Amino acid sequence: SWAPPHPDTPMHTPHPERVEESNTVQKSTADEEEPKKGCRKYWSKFAASIHWGIYQFFYNLGLFVTRRPFLTIALSVCLCILCGLGFLNFDTETDPEVLFTPQDSQAAADKRYVEDTFGASPTDVRVYVTAPTRGDDVVSKAILNDLFDAAGVVQSATTTWNGETLTYDNRCLKSDGTNCAVMSVLDWWGNDRATMNADTDLYATLSGNAYDVYGDLIPKAQVMGGITYDSNGNISKVEVFQYILRCRVEDSLRTDDRVKEWTKVAAEDVLAYTPSDSKVYPYSFGIQQEETSSNIQGDLRKLIFGFFLLFLYAGFVFSSNSQIHSRVAMVLVSLIAIALAIISSFGVASMIGQKWNQVVNLLPFLLLGLGIDDSFVIVDILKKTPAPLTMTDAEDIVMSRVPRTMARAGASILVTTLTDMVAFFVGTSTILEGLRAFCVFAGFGVLFDFVYQATFFAAWLSLDVRRSTKNRYDCCCCITGEQPAPCCGCDCGPCVPDVPFDEDKGGLMQPFI
């Protein structure tokens with residue numbers, strides 16, 4: 001082997017002045033480095049003690065879940081049910097002003113002052129009427145008759161709320177105490193169908209002025225859209241007609257469930273109406289709330305599809321060339337653990353009074369990625385944590401592998417969980433309610449995802465290791481296969497195993513990951 005020449009040889013003898021200078025520099029450097037080495041020494045000891053504490057904690061947790069897997073599973077499910085009780089306090093927030101406007105801003109304070117002083121602003125039921133081909137002219141008696149019909153549908157809308165009958169007459173705003181505040185292009189004919197049908201020049205009539213039921217001049221741009229004027233300033237084309245009904249709001253639009261219910265029914269009735277010569281589009285605050293609910297259902301379908309795609313991908317990763325060592329069934333366990341985390345996080349966030357909003361719909365997809373990643377880490381470390389070569393007893397193998405797996409994997413997923421959770425909980429300090437709500441739900445989601453992966457998933461993993469150690473097939477543990485005893489294969493002495501008894505044969509995706 002090669003070794004450097006001894007420094008006392010002539011070729012390595014330095015100049016005497018350089019020796020003295022070098023010794024002085026080394027002594028000065030050593031004096032400066034001594035306190036630093038002491039700090040690093042104590043810091044290293046502190047870091048090592050923290051690491052050892054985490055290792056011991058997860059090792060003991062692994063022992064517990066391995067010895068009592070069914071108790072661990074039952075406790076995990078009970079925790080989810082307990083947290084799920086928070087859904088009794090589940091509430092939503094869909095007002096964009098609340099979600100995306102700082103509530104401590106001057107604009108929000110002024111709005112609250114105006115509402116407290118003058119009452120809540122009324123809300124509208126609007127109906128837009130266009131030609132069958134959007135952009136074409138709507139000035140025709142056929143289309144105006146369709147608008148009369150749509151207005152009649154709104155006026156006939158009726159529903160009940162907590163035993164109270166809600167109608168057009170008791171929901172519309174009556175500024176003078178008698179007449180409903182309604183405004184549309186039909187005011188140009190006094191809201192009379194016969195007068196409109198008898199009109200011989202609709203364009204000339206629309207080019208004039210009209211007044212609402214209170215005698216106020218109606219701006220044309222409020223009830224007509226896409227107006228084209230000729231050289232004389234008269235209307236020659238209109239692309240859209242608009243019907244506006246003002247509805248009274250008691251206390252606040254966010255809390256007045258009656259106006260939400262009636263405006264929703266009114267808009268749904270207009271949607272059900274089929275015009276003969278035009279297209280009709282209703283809008284109201286109530287129907288907007290209904291669309292929010294339908295969006296939730298749409299996201300739920302996407303979430304289920306996401307679960308399915310992750311199941312396929314993780315199934316390939318957890319698979320093996322051997323039916324005994326494959327762990328595809330653990331993919332389903334991981335997805336169930338993620339579902340438990342979603343339920344628990346939503347329940348706890350609702351329990352403390354945090355309202356759901358549409359931004360929170362992103363959270364289940366985030367937890368899917370984080371949860372399945374934790375499962376990958378745990379299973380991968382399990383593959384790298386074999387039992388001793390001479391160990392053949394199934395229970396001894398399980399008690400050897402799973403606790404050591406959790407001790408090694410626990411520290412890894414704990415660090416990622418803490419960083420993500422702290423980041424989200426710090427984000428709750430934002431003044432935007434929409435983002436703050438997402439951070440609250442996400443912080444709890446990351447926490448519960450870690451809890452269920454370290455308990456629920458680990459307990460099922462210990463059962464799965466028992467299955468594979470006993471040579472039972474994955475996804476069909478009632479069938480027992482055969483696994484040749486690992487041996488060196490020589491006749492020169494006692495047969496000594498050269499691979500672990502519970503060796504993993506490698507997955508189908510092994511060449512790619």
Side-chain angles (χ1 to χ4, degrees), residues 121-131 137-159 165-227 234-249 259 262-287:
S121 301
T123 186
D124 298 337
V125 173
R126 296 172 181 256
V127 178
Y128 302 92
V129 179
T130 68
D137 193 4
V138 293
V139 182
S140 71
K141 293 182 179 180
I143 294 179
L144 286 169
N145 276 301
D146 286 343
L147 181 57
F148 270 109
D149 293 338
V153 171
V154 174
Q155 294 170 8
S156 62
T158 303
T159 187
T165 301
L166 306 178
T167 65
Y168 171 87
D169 186 65
N170 60 31
R171 288 299 98 201
C172 71
L173 176 66
K174 298 179 180 179
S175 299
D176 61 357
T178 304
N179 298 301
C180 290
V182 60
M183 180 170 53
S184 73
V185 71
L186 303 180
D187 286 305
W188 267 253
W189 295 275
N191 288 287
D192 183 73
R193 188 192 295 260
T195 302
M196 186 276 298
N197 286 322
D199 193 341
T200 57
D201 192 346
L202 300 178
Y203 292 100
T205 302
L206 291 175
S207 298
N209 294 326
Y211 301 86
D212 61 17
V213 292
Y214 306 122
D216 297 325
L217 179 67
I218 301 176
K220 292 182 176 64
Q222 277 197 315
V223 294
M224 291 180 275
I227 303 175
N234 296 320
I235 292 178
S236 60
K237 179 183 177 182
V238 179
E239 295 181 5
V240 183
F241 288 144
Q242 180 178 209
Y243 170 93
I244 306 173
L245 170 67
R246 310 303 302 276
C247 298
R248 63 189 180 92
V249 177
V259 72
W262 187 82
T263 57
K264 177 179 76 71
V265 171
E268 288 176 343
D269 289 350
V270 174
L271 278 175
Y273 162 67
T274 303
S276 57
D277 298 285
S278 62
K279 290 186 177 181
V280 176
Y281 307 92
Y283 169 81
S284 71
F285 181 76
I287 200 68

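Quick caveat, the model's predicted, so the values are computed rather than measured.
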Which residue in the set Val238, Asn209, Leu206 passes side-chain contact (heavy atoms from CB on, under 4.5 Å) when paired with Lys220? Asn209
Got a sec, which residues hit side chain to side chain donor-acceptor pair (under 3.5 Å) with Asp176, two or more places apart in sequence or on another chain? Asn179
Taking Lys237 for its side chain and Gly226 for its backbone only, find out whether a donor-acceptor pair lies under 3.5 Å. no
Please tell me if the side chains of Ser284 and Thr123 come closer than 4.5 Å, counting only heavy atoms from C-beta onward. no
SG-SG under 2.5 Å, Cys172 vs Cys247: no
Which residues satisfy the salt bridge (charged side-chain N to carboxylate O under 4.0 Å, His left out) test with Lys279, sequence neighbours excluded? none
Any sub-3.5 Å donor-acceptor pair from Trp188's side-chain atoms to Gly208's backbone N or O? yes
By salt bridge (charged side-chain N to carboxylate O under 4.0 Å, His left out), which residues pair with Asp137, not counting sequence neighbours? none
Contact between Ser184 and Asn191 at the side-chain level, heavy atoms closer than 4.5 Å - yes or no? yes
Criterion side-chain contact (heavy atoms from CB on, under 4.5 Å) against Asp146, the qualifying member of Asp277, Val127, Thr274: Asp277
Ser278 side chain near Val280 side chain, heavy-atom distance below 4.5 Å: yes
Looking at every heavy atom in both Lys141 and Asn197, which two are closest together, and how far apart are they? NZ-O, 2.6 Å
Rounded to the nearest 0.5 Å, the CZ atom of Arg171 sits from the OG1 atom of Thr159 at a distance of 11.5 Å
Look only at the side chain of Tyr273 and the backbone of Val153, and say whether a donor-acceptor pair between them is shorter than 3.5 Å. no
Would the distance check show the side chain of Gln242 and the main-chain N or O of Arg126 forming a donor-acceptor pair, the cut-off being under 3.5 Å? no
To the nearest 0.5 angstrom, please state how far the OH atom of Tyr128 sits from the CG atom of Leu147. 12.5 Å
Applying salt bridge (charged side-chain N to carboxylate O under 4.0 Å, His left out), name anything that partners Asp201, two or more places apart in sequence or on another chain. none
Between Val129 and Val138, which heavy-atom pair has the shortest distance, and what is it? O-CG1, 4.2 Å
Taking side chain as C-beta onward, heavy atoms only, is Val182 less than 4.5 Å from Tyr243? yes
Side chains of Ile235 and Met224, heavy atoms from C-beta outward: is any pair under 4.5 Å? yes
Give, for atom CZ of Arg248 and atom NZ of Lys174, the distance between the pair rounded to the nearest 0.5 Å. 8.5 Å
Validation row: Leu186, Met196 side chains within 4.5 angstrom (heavy atoms): no
Which heavy atom in Tyr211 sits nearest to a heavy atom in Ile218, and how many Å separate them? C-CD1, 3.8 Å
Are any non-hydrogen side-chain atoms of Val270 and Tyr281 less than 4.5 angstrom apart? no
Could you work out, with salt bridge (charged side-chain N to carboxylate O under 4.0 Å, His left out) as the rule, every residue matching Asp149, not counting sequence neighbours? Arg193
Which heavy-atom pair separates Tyr214 from Leu173 by the least distance, and what is that distance? OH-O, 3.8 Å
Side chain to side chain contact (heavy atoms under 4.5 Å, CB included) against Thr167, all qualifying residues, sequence neighbours excluded: Thr158, Thr165, Asp169, Asn170
Expected output: side-chain Trp262 to main-chain Ala157 donor-acceptor under 3.5 Å: yes
Determine the minimum heavy-atom distance between Leu217 and Ala210, stating which atoms define it. CD1-O, 3.5 Å
Please confirm whether the backbone N or O of Gly190 pairs with a side-chain atom of Asp187, one donor and one acceptor, at under 3.5 Å? no
